Amino acid sequence: LEFRRVLFRSKSGKSTWGGGLAIVCSGFDINPVTDEPESVAEILLTATKRDQADIVYNEIKRMRNQSPDIKEMSMEQNRKVTFLHNQGTIETIGSDRPYDGKNPHLVLSDELHAYRECHRKFYDTMVTGFGVRSQPLHVITTTAGDDQSALWREEYNYAKSVVDGQFDDDGLFVWCFELDKDDDPLDETKWLKANPNLGVSNTIESLRTEAAKCRGNRSALNRFTRYHGNRQVSSVEKAFDMDSWDKCRSQLSDWSTADCICYGVDLGGRDDLAASGAVARWTVGFKDGDNGVDVPLYRYEVKSRSYISADTLRDLESQPWQQWIYSGVLTKAAFVTTKLKADLIEDCFANDARMIAYDKFGAQQLAEDLTQEGLQPIEFRQSCMMFNEAIREFIECVGKQTVVHDGDPLLRWAVGNMSIVKNSEDQWKPDKRNSKDKIDPIVSVLMAFRLAMVQPARASGSAFVS
């Protein structure tokens with residue numbers, strides 16, 4: 001059979017396999033019409049970013065350097081391998097712009113799950129460039145996608161339809177390793193389904209280590225299911241396991257003994273909550289780090305203050321709002337920002353804290369007022385880049401019970417509401433749009449937590465968050 005399209009899904013050595021295929025197609029393929037080596041066999045290694053395509057290219061360089069024969073019959077220059085006898089080439093291409101005019105013999109699309117709708121023109125240009133080739137080949141190597149991976153989903157659904165016999169396509173070969181729909185991702189007896197190289201290029205011990213992180217951690221389970229079970233997941237997922245959160249409840253310590261204390265502010269709209277979050281940090285020990293430098297181990301405590309406008313459209317006489325206001329965990333105020341600012345200034349001076357994370361698009365005036373009071377507002381953009389490390393570390397701390405809270409029911413409600421959204425680089429941030437309800441209290445805590453993570457003990461001077 002002559003395969004014109006191949007869909008290859010695995011987490012076990014697919015880049016190495018793709019690199020070997022690229023060398024064969026570029027330098028050793030025979031044209032069935034001329035019975036001569038394929039002339040100017042153009043091999044394109046494509047991905048959303050050139051750095052991703054370079055993963056396969058680096059495998060090709062390694063193979064070439066280990067083979068004296070291949071090295072003698074080819075040259076490598078400017079990120080491009082050229083075979084001397086037929087002028088076949090191998091090069092990487094990123095999706096920053098479409099590349100019209102290409103005449104590829106082989107296109108290898110790596111990690112198709114990362115392609116979004118904005119990459120469609122680039123993808124189509126690569127696929128439609130086969131026109132005059134007698135034996136073109138398009139190879140897709142990819143891990144499972146999520147519900148935002150439109151191009152991946154189209155190719156995957158079509159491939160499944162061919163495998164299931166709904167369509168006849170002798171030009172498509174599908175090699176797919178994944179868990180079945182009803183399989184438990186943490187069941188060791190099922191892992192071989194999605195990891196055909198188990199015991200060769202990856203070990204069962206490494207999977208056990210990753211699986212252990214999934215107990216009580218929804219995000220880790222989702223990640224394990226996708227990358228080690230090769231099964232589609234949602235790009236929106238619940239952030240916290242509530243049983244783990246409840247186990248972190250305890251009486252708060254004397255914050256005057258903390259290494260550092262930081263604050264975060266999330267101002268909502270008319271019907272949103274507004275909240276300030278506070279995080280205190282203590283050093284509880286050290287572990288060996290690189291170059292013999294000890295790395296501190298921390299314990300954190302968190303609390304929040306929440307506010308809502310007195311003329312909100314919400315029915316504040318209904319539960320749980322009425323109970324939250326009565327118990328004092330929610331403050332009803334005619335001017336929410338004014339009340340929040342007054343309480344925040346009082347808390348900062350009482351706790352000898354100065355650093356406050358804020359979003360300039362919602363709290364620029366508040367930041368200017370806090371600066372006038374001698375405090376230090378730190379700009380905190382509401383982006384995946386800013387939140388990613390904080391969310392991951394905070395969830396891990398909750399799982400290890402190195403975060404303590406006092407059982408604030410409104411904060412717990414927000415924690416239960418919160419979903420996370422991930423970008424194509426698997427960076428996370430809180431997803432206000434798809435969360436079940438308001439999440440401002442936990443968002444403000446995460447902002448404060450991010451500051452506390454990077455501070456030296458009893459920090460002073462300027463702070464920079466990247």
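Computed from a prediction, not measured in an experiment: that's the story for all the values here.
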Any side-chain heavy-atom pair of Lys339 and Phe335 under 4.5 Å: no
List in chain and number order the residues that pass ring-ring contact (aromatic ring centres under 6.0 Å, His included) with Phe387, two or more places apart in sequence or in another chain; answer none if no residue qualifies. Phe380
Asn58 side, atom CG; Met63 side, atom CE - distance, nearest 0.5 Å: 11.0 Å
Would you check if the side chain of Asp431 reaches a backbone N or O of Ser435 as a donor-acceptor pair within less than 3.5 Å? no
Run the salt-bridge test on Glu117 and Arg120 with the 4.0 Å N-O cut-off and return the result as yes or no. yes
Side-chain heavy-atom pair Leu186, Cys214 within 4.5 angstrom cut-off: yes
Working to the nearest 0.5 angstrom, can you tell me the gap between Leu344 CG and Leu375 CG? 7.0 Å
For residues 193-210, the salt bridge (Lys or Arg N to Asp or Glu O under 4.0 Å) pairs (sequence neighbours left out) are Asp180-Lys193, Asp183-Lys193, Glu188-Arg208, Glu210-Lys213
Take Ile43 and Leu108, measure what side-chain contact (heavy atoms from CB on, under 4.5 Å) needs, and give me the verdict at the end. CA-CA 8 Å; Ile43 313 303; Leu108 201 158; 5.9 Å; no
Any donor-acceptor N/O pair, Gln52 side chain to Thr48 backbone, under 3.5 Å: no
Could you tell me if Arg116 and Ser149 have a donor-acceptor pair between their side chains, going purely by distance under 3.5 Å? yes
May I have the step-by-step check of ring-ring contact (aromatic ring centres under 6.0 Å, His included) for Phe177 and Trp191, ending in yes or no? CA-CA 10 Å; Phe177 296 92; Trp191 287 349; over 10 Å; no
So, applying side chain to side chain contact (heavy atoms under 4.5 Å, CB included) with Leu45, which one of Asp54, Ile60, Ile93, Val107 is it? Ile60
Apply the test salt bridge (charged side-chain N to carboxylate O under 4.0 Å, His left out) to residues Lys400 and Glu396: give CA-CA distance (whole Å), side-chain angles for both, the deciding distance (0.1 Å), then the verdict. CA-CA 6 Å; Lys400 296 187 299 185; Glu396 183 174 344; 3.6 Å; yes
Start with the C-alpha distance between Leu446 and Glu393, add both sets of side-chain angles, then the distance that settles side-chain contact (heavy atoms from CB on, under 4.5 Å), and finish with yes or no. CA-CA 10 Å; Leu446 288 169; Glu393 180 69 18; over 6 Å; no
Kindly determine whether Asn388 and Arg392 satisfy side chain to side chain donor-acceptor pair (under 3.5 Å), including the steps that lead there. CA-CA 6 Å; Asn388 179 61; Arg392 289 177 183 271; 2.9 Å; yes
Set of ring-ring contact (aromatic ring centres under 6.0 Å, His included) partners for His113, sequence neighbours left out: none
Answer yes or no for Lys303 and Trp255: cation-pi contact, defined as NZ/CZ to six-membered ring centre under 6.0 Å and angle to ring axis within 45°. yes
Please identify each residue that fulfils ring-ring contact (aromatic ring centres under 6.0 Å, His included) with Tyr358, with sequence neighbours left out. none
Please give me the minimum heavy-atom distance between Gly277 and Ser444, naming the atom from each residue. N-OG, 3.1 Å
Passes side chain to side chain donor-acceptor pair (under 3.5 Å), Thr283 versus Asp259? Steps please. CA-CA 7 Å; Thr283 302; Asp259 288 345; 2.3 Å; yes
Answer yes or no: is there a donor N or O on one side and an acceptor on the other, between the side chain of Asn195 and the main chain of His228, under 3.5 Å? yes
Take Val403 and Phe394, measure what side-chain contact (heavy atoms from CB on, under 4.5 Å) needs, and give me the verdict at the end. CA-CA 8 Å; Val403 164; Phe394 192 81; 4.0 Å; yes
dist Thr142:OG1 -> Glu111:CD (nearest 0.5 Å) comes out at 5.0 Å
Spacing of CG belonging to Leu44 relative to CD1 belonging to Ile90, to within rounding of 0.5 Å: 10.5 Å
If we ignore hydrogens and angles and just use 3.5 Å, is the side chain of Asp254 paired with the main-chain N or O of Ser256 as donor and acceptor? yes
When you measure from the side chain of Arg231 to the backbone N and O of Lys181, does any donor-acceptor pair fall under 3.5 Å? yes
Value rounded to 0.5 Å, distance of CG in Leu330 from CG in Leu410: 5.5 Å
Taking atom types as modelled and ignoring hydrogens, do the side chains of Trp282 and Ser253 form a donor-acceptor contact shorter than 3.5 angstrom? no
Which residue, Asp406, Val445, Leu252, forms the side chain to side chain contact (heavy atoms under 4.5 Å, CB included) with Val302? Val445
CD1 of Ile391 to CZ of Phe449: how many Å apart, nearest 0.5 Å? 11.0 Å
For the residue pair Arg281 and Tyr300, would you count it as a cation-pi contact if the rule is NZ or CZ under 6.0 angstrom from the ring centre and within 45 degrees of the ring axis? no
Between Ser206 and Asn202 (side chain of the first, backbone of the second, donor and acceptor by atom type, cut-off under 3.5 Å), is there such a pair? no
Whether Arg412 engages the ring of Trp245 as a cation-pi pair (distance to the six-membered ring centre under 6.0 angstrom, angle to the ring normal within 45°) should be assessed. no
Residue pair Val404 / Cys248, side-chain heavy-atom distance below 4.5 Å: no
Are His405 and Glu301 packed together at the side-chain level, in the sense that at least one heavy-atom pair is separated by less than 4.5 angstrom? no
Lys438 side chain near Arg314 side chain, heavy-atom distance below 4.5 Å: yes
Please tell me if the side chains of Ile420 and Lys429 come closer than 4.5 Å, counting only heavy atoms from C-beta onward. no
Using a distance-only test with no angle check, is there a side-chain donor-acceptor pair under 3.5 angstrom linking Glu155 and Tyr115? no
Which salt bridge (Lys or Arg N to Asp or Glu O under 4.0 Å) pairs, counting each pair once, include a residue from residues 366-378, with sequence neighbours left out? Lys341-Asp369
Find out whether Leu340 and Arg305 are in side-chain contact, i.e. whether some heavy atom of one side chain is under 4.5 Å from a heavy atom of the other. no
My understanding is that only residues two or more places apart in sequence, or in another chain, count here; which of them pass ring-ring contact (aromatic ring centres under 6.0 Å, His included) with Phe167? Tyr158
